[in-house]
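Quick caveat: nothing in here was measured; it's all calculated off a predicted structure. Hydrogens, waters and symmetry mates are skipped; everything else that's a heavy atom, side chains included, is used.
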Amino acid sequence: MARSLTLDAASVSRPERADAPRVTVADATATPPSFEDKVVLAMFAIGVIGVVVLQKFAWPLAGGGFVPVVLPLFAGAIAFAPILMRPRFDPVRIGGFFLAFLVASFSTFFLAPRYSASSLMLFAALYAPFVIQYETSAANYRRCMNLYITVMLGFVGVTLAQHLIQLTISWRAWPNLNLLIPAPWLVPDYNYIQPIIYGSRFMKPNAVVFLEVSLLSQFIAVALAIELTLFRRPIRLIVLTGGLLMTMAGTGALLMAATLPVLLGRLRLRNAVVMLAILLVVCVIAFRLGWFDIVSSRMDEYKHNGTSANMRFILPAERLLEFLRDPRGLIAGIGAGQIEKGGNFIWWPFVKVAIEYGLLSAILFYGWVIYCLFHRAPDRALAFVLLVWFSFEGTLLTAHNALALVVFGTLLRVAPEEARRRRSRAAAPDAEVTEAPRRRRSESSAARSLATAPSPSVEPVGDVTGEALVSLLGTPDTGGRLIYAIGDLHGRVDLFDKLIARIRADIAAHPGGYEGKPMIVLLGDYIDRGPASAQLIERILALSADETIEWRSVLGNHEDAMVAFLDERSSGQSWGRHGGMTTLASYGVDAPENADGWAVARERLRAAVPPAHDAWLRGLEQHIVQGELIFVHAGLRAGVPLDRQKLKDILYIREEFLSTPVDAGLLIVHGHTPQDEAYGAPGRICLDSGAYATGVLTAARFDGGPVRLMTTR
């Protein structure tokens with residue numbers, strides 16, 4: 001579901017630009033997917049179809065058994081994909097798989113009184129896909145997860161339709177695969193049609209293709225967890241939560257209850273409050289509809305042997321404790337496939353491995369599964385959800401359970417930043433060469449230069465650099481103007497002087513053909529961290545007197561922090577920790593030795609800052625629009641009109657902006673989040689190259705043609 005950010009240019013331009021056009025930035029797609037991205041997306045889609053849509057279907061065997069259709073389908077996709085792209089192999093994954101399987105095989109063949117060889121082979125076949133993984137971009141990973149959420153939203157719609165059909169006609173009017181498909185082609189022994197309450201004439205919905213309603217609720221819960229973790233779109237959260245309640249099953253709700261503290265812990269306080277408010281509203285509606293009465297009526301099942309709840313959550317623990325009283329249980333089990341079957345037996349995977357293969361096998365197997373889920377996981381909160389799901393609501397040898405862990409957890413890893421950049425450059429070898437030189441710094445020198453410049457742990461969506469970035473941005477309209485934008489300066493007046501000299505030479509080389517005089521836009525964060533904040537402001541003021549150039553400067557979060565300190569809206573201690581000490585020094589003010597010293601430092605700074613500096617700091621613009629360009633310090637929040645954007649977001653936003661794809665007729669030019677060169681994605685370009693620490697200051701030239709990058713050291 002796309003969100004849009006409507007930007008009213010009149011609200012950001014100077015008064016004489018009240019006729020500026022109204023433009024929209026849509027949060028719809030990331031960079032166009034590469035061929036490898038398409039292969040990954042196709043393989044992920046096959047996995048989703050298999051574990052969701054086809055989980056009830058089986059391939060009958062001559063001997064009377066069956067193979068779940070998802071297993072050969074997904075195995076074929078994994079086997080075919082390496083022809084099109086290179087998979088990644090982790091030696092620990094491979095070694096752990098073979099070690100766990102060898103120990104289990106030893107227990108089976110040499111220590112167990114009897115065993116099922118087919119169970120052991122199925123065990124190996126279901127978990128062999130854990131050893132393979134494919135590298136993809138952050139944007140494509142989000143595409144994959146968004147595809148699954150979209151599929152489950154469709155099944156929420158099917159669930160609602162089932163309720164409406166049963167209320168208006170009868171549940172017998174539902175499409176029933178047990179009647180439409182021959183029995184040998186269906187996975188047996190699941191409660192396909194279940195009453196809402198035992199003895200009731202109303203049935204729980206199963207979305208037609210799910211083996212039973214509890215699985216429907218679990219898959220919706222996983223989709224809800226992904227939405228909470230990656231996207232946090234309120235409408236989809238509400239729909240998925242409503243769908244979870246409509247299943248009338250408790251397992252999905254239990255999964256969310258067990259993992260929600262981890263999921264909410266990743267949210268900012270405001271977002272967490274919004275999510276809790278949504279859950280509260282949904283719970284009130286559920287209470288009014290009697291959902292809690294229905295669910296609570298089944299809570300007594302935990303106390304009674306033979307009931308579904310007791311055999312799902314109580315019996316496995318009791319059975320494991322009983323088994324471990326036998327000293328041989330450490331290395332010997334009862335044999336592959338020998339644990340009790342049928343009825344309501346639903347064994348936790350750890351319990352089944354321990355009882356059938358021995359406790360040592362269970363520990364090795366579970367440690368390996370945890371490693372596969374968490375090592376280089378795209379998102380560890382989601383990995384936690386999958387582990388809880390598998391551990392307490394999954395089964396060891398049910399294909400949709402094991403392969404769902406592969407599809408959602410172990411199959412994909414997000415490519416490291418530099419690897420993505422190299423692929424992006426290789427994908428556009430004929431793109432126009434920019435003025436930005438390719439930097440060939442060694443690992444050690446890069447580490448030294450960035451040691452004082454910790455970059456935020458933000459994973460930009462579809463991030464590209466160099467020629468690929470220039471090709472990606474196209475030719476944004478500047479309204480006929482020649483514009484230069486310069487990234488975060490942070491007190492590096494030396495680099496600023498060099499870059500301005502280059503810009504002046506460039507202007508002289510292109511004297512005509514543009515409307516009005518050239519414009520230079522500074523993107524904020526002029527002060528702090530670098531050695532010459534006061535001197536830099538003085539230089540900007542002096543240059544602004546040059547009437548042959550239009551100088552525009554946007555407000556950065558560091559200037560905002562300094563003004564807040566001067567106005568006694570902050571103590572100054574946080575500002576000092578984030579670079580303010582160097583600004584004090586540039587004005588000749590000693591750094592406070594303790595918390596009490598900040599009040600004295602404020603008075604000394606007030607006296608030291610010239611009135612012209614103070615007026616300039618207070619007159620900085622929040623954002624600037626020119627043609628199809630908008631200049632802003634940190635970014636913008638999608639879905640919010642520009643005249644309603646909060647200053648805090650404009651100055652400080654990172655993850656919500658960089659991790660949200662934008663498809664823009666308007667190009668957002670910003671800084672704030674440093675990398676060692678300019679980078680961006682459709683609809684945005686960041687010019688913050690960490691000048692104060694890297695010695696690299698970056699500018700971009702916009703003239704209605706391809707964007708041109710300029711750097712200086």
field: Electrostatic pair Asp614-Arg618, nearest N-O below 4.0 angstrom
entry: yes
- prompt: Of all heavy-atom pairs between Ala700 and Leu709, which one has the smallest distance, and what is that distance?
  reply: CB-CD2, 3.9 Å
- request: State, without any angle test, whether Asp528 and Thr582 hold a side-chain donor-acceptor pair at a distance under 3.5 Å.
  value: no
message: Any side-chain to backbone donor/acceptor pair from Glu628 onto Asp477? Under 3.5 Å, distance only.
response: yes
query: Are Tyr484 and Trp551 near enough that their ring centres are under 6.0 Å apart?
result: no
query: Is any side-chain heavy atom of Pro476 closer than 4.5 Å to a side-chain heavy atom of Val707?
result: yes
message: Please check this pair: side chain of Arg701 against backbone of Met710, looking for a donor-acceptor N/O pair closer than 3.5 Å.
response: no
query: Shortest non-hydrogen contact from Gly597 to Pro592?
result: C-CB, 3.6 Å
message: Any side-chain to backbone donor/acceptor pair from Thr673 onto Arg654? Under 3.5 Å, distance only.
response: no
field: Polar contact flag, side-chain donor to acceptor under 3.5 angstrom, Asn146-Arg143
entry: no
field: Heavy-atom side-chain proximity of Val40 to Tyr141 below 4.5 angstrom
entry: no
query: If you look at every heavy atom in Phe631 and Ala485, which pair is closest and at what distance?
result: CE2-CB, 3.7 Å
- request: Ignoring hydrogens and angles, tell me if any N or O in the side chain of Arg481 forms a donor-acceptor pair with the backbone of Glu515 under 3.5 Å.
  value: yes
task: Rounded to the nearest 0.5 Å, what's the gap from OG1 on Thr478 to CG on Leu667? Could you check?
output: 11.5 Å
- prompt: Does any N or O in the side chain of Thr712 come within less than 3.5 Å of the main-chain N or O of Leu499, such that one atom is a donor and the other an acceptor?
  reply: no
Test side chain to side chain contact (heavy atoms under 4.5 Å, CB included) applied to Val414 and Asn140, step by step: CA-CA 9 Å; Val414 174; Asn140 202 51; over 6 Å; no
query: In this structure, which one of Ile483, Leu543, Ile549 forms a side chain to side chain contact (heavy atoms under 4.5 Å, CB included) with Ile520?
result: Ile549
query: Is there a side-chain contact between Tyr526 and Ser533, using heavy atoms and a 4.5 Å cut-off?
result: no
Check: Leu605 and Met562 side chains under 4.5 Å, non-hydrogen atoms: yes
message: Strictly below 4.0 Å, N to O, side chains only: are Glu36 and Arg86 in salt-bridge contact?
response: no
query: Could you state the interatomic distance from CG (Leu629) to CD1 (Ile624), rounded to the nearest 0.5 Å?
result: 11.0 Å
- request: Would you check if the side chain of Thr694 reaches a backbone N or O of Gly690 as a donor-acceptor pair within less than 3.5 Å?
  value: yes
task: Can you measure from CG (Leu536) to CG (Leu489) and round to the nearest 0.5 angstrom?
output: 5.0 Å
- request: May I have the step-by-step check of side chain to side chain contact (heavy atoms under 4.5 Å, CB included) for Ser689 and Asp676, ending in yes or no?
  value: CA-CA 5 Å; Ser689 49; Asp676 58 359; over 6 Å; no
field: Closest non-hydrogen atom pair, Ala699 against Ile486
entry: CB-CG1, 3.9 Å
query: Does any non-hydrogen side-chain atom of Asp560 lie less than 4.5 Å from one of Leu647?
result: yes
query: Would you say the side chain of Leu482 lies within less than 4.5 Å of the side chain of Phe702, judging by non-hydrogen atoms?
result: no
- request: Verify the neighbour count for atom CZ of Arg644: are there more than 12 heavy atoms of other residues, nucleotides or ligands below 6.0 Å?
  value: no
Note: Glu135-Arg413 ion pair, threshold 4.0 Å (strictly below): yes
task: Check the pair Asp649, Arg637 against side chain to side chain contact (heavy atoms under 4.5 Å, CB included), reporting the backbone distance first and the verdict last.
output: CA-CA 7 Å; Asp649 285 336; Arg637 184 173 293 277; 2.8 Å; yes
- prompt: Given side chains that start at C-beta, do those of Leu620 and Val554 come closer than 4.5 Å, heavy atoms only?
  reply: no
- prompt: Quick one: are His623 and Ile650 in side-chain contact, heavy atoms under 4.5 Å?
  reply: yes
query: Taking it one step at a time, do His633 and Asp525 satisfy side chain to side chain donor-acceptor pair (under 3.5 Å)?
result: CA-CA 8 Å; His633 175 61; Asp525 280 4; 3.2 Å; yes
Rounded distance [0.5 Å steps], CH2 in Trp616 versus CD1 in Ile540: 4.0 Å
- request: Using atom types as modelled and distance alone, determine if a side-chain donor or acceptor of Arg539 lies under 3.5 Å from a backbone N or O of Asp494.
  value: no
task: Kindly state each residue pair satisfying ring pair (Phe, Tyr, Trp, His ring centres under 6.0 Å) with at least one member in residues 486-507, sequence neighbours excluded.
output: His490-His558, His490-Tyr692
- prompt: Can you list the residues that meet the salt bridge (charged side-chain N to carboxylate O under 4.0 Å, His left out) rule with Asp546, with sequence neighbours excluded?
  reply: Arg504
- request: Can you measure from CZ (Arg684) to CG (Leu472) and round to the nearest 0.5 angstrom?
  value: 9.5 Å
- request: For the residue pair Tyr587 and His613, categorise the inter-ring angle as parallel (less than 30°), tilted (30 to 60°) or perpendicular (more than 60°).
  value: perpendicular
message: Checking Leu687 against His670 for the side chain to side chain contact (heavy atoms under 4.5 Å, CB included) test, could you report, in this order, the C-alpha distance in whole Å, the side-chain angles of both residues, the deciding distance, and whether it holds?
response: CA-CA 6 Å; Leu687 299 178; His670 68 98; over 6 Å; no
- prompt: Donor-acceptor pair, Asp488 side chain versus His672 backbone, under 3.5 Å?
  reply: yes
- prompt: Nearest 0.5 Å, what's the CG-CD distance between Leu555 and Gln622?
  reply: 7.0 Å
- prompt: Any donor and acceptor pair, going by atom type alone, linking the side chain of Asn594 with main-chain N or O of Asp596 inside 3.5 Å?
  reply: yes
task: Look only at the side chain of Ser586 and the backbone of Ala534, and say whether a donor-acceptor pair between them is shorter than 3.5 Å.
output: yes
query: How far apart are the closest heavy atoms of Leu651 and Gly556, and which atoms are they?
result: CD2-C, 4.0 Å
task: Just jot down the salt bridge (charged side-chain N to carboxylate O under 4.0 Å, His left out) partners of Glu559, sequence neighbours excluded, or say none.
output: none
task: May I ask you to say whether Asp379 pairs ionically with Arg142, meaning some side-chain N is under 4.0 Å from a carboxylate O?
output: no
query: Where do Leu642 and Ile630 come nearest, in terms of heavy atoms and distance?
result: CD2-CD1, 3.8 Å
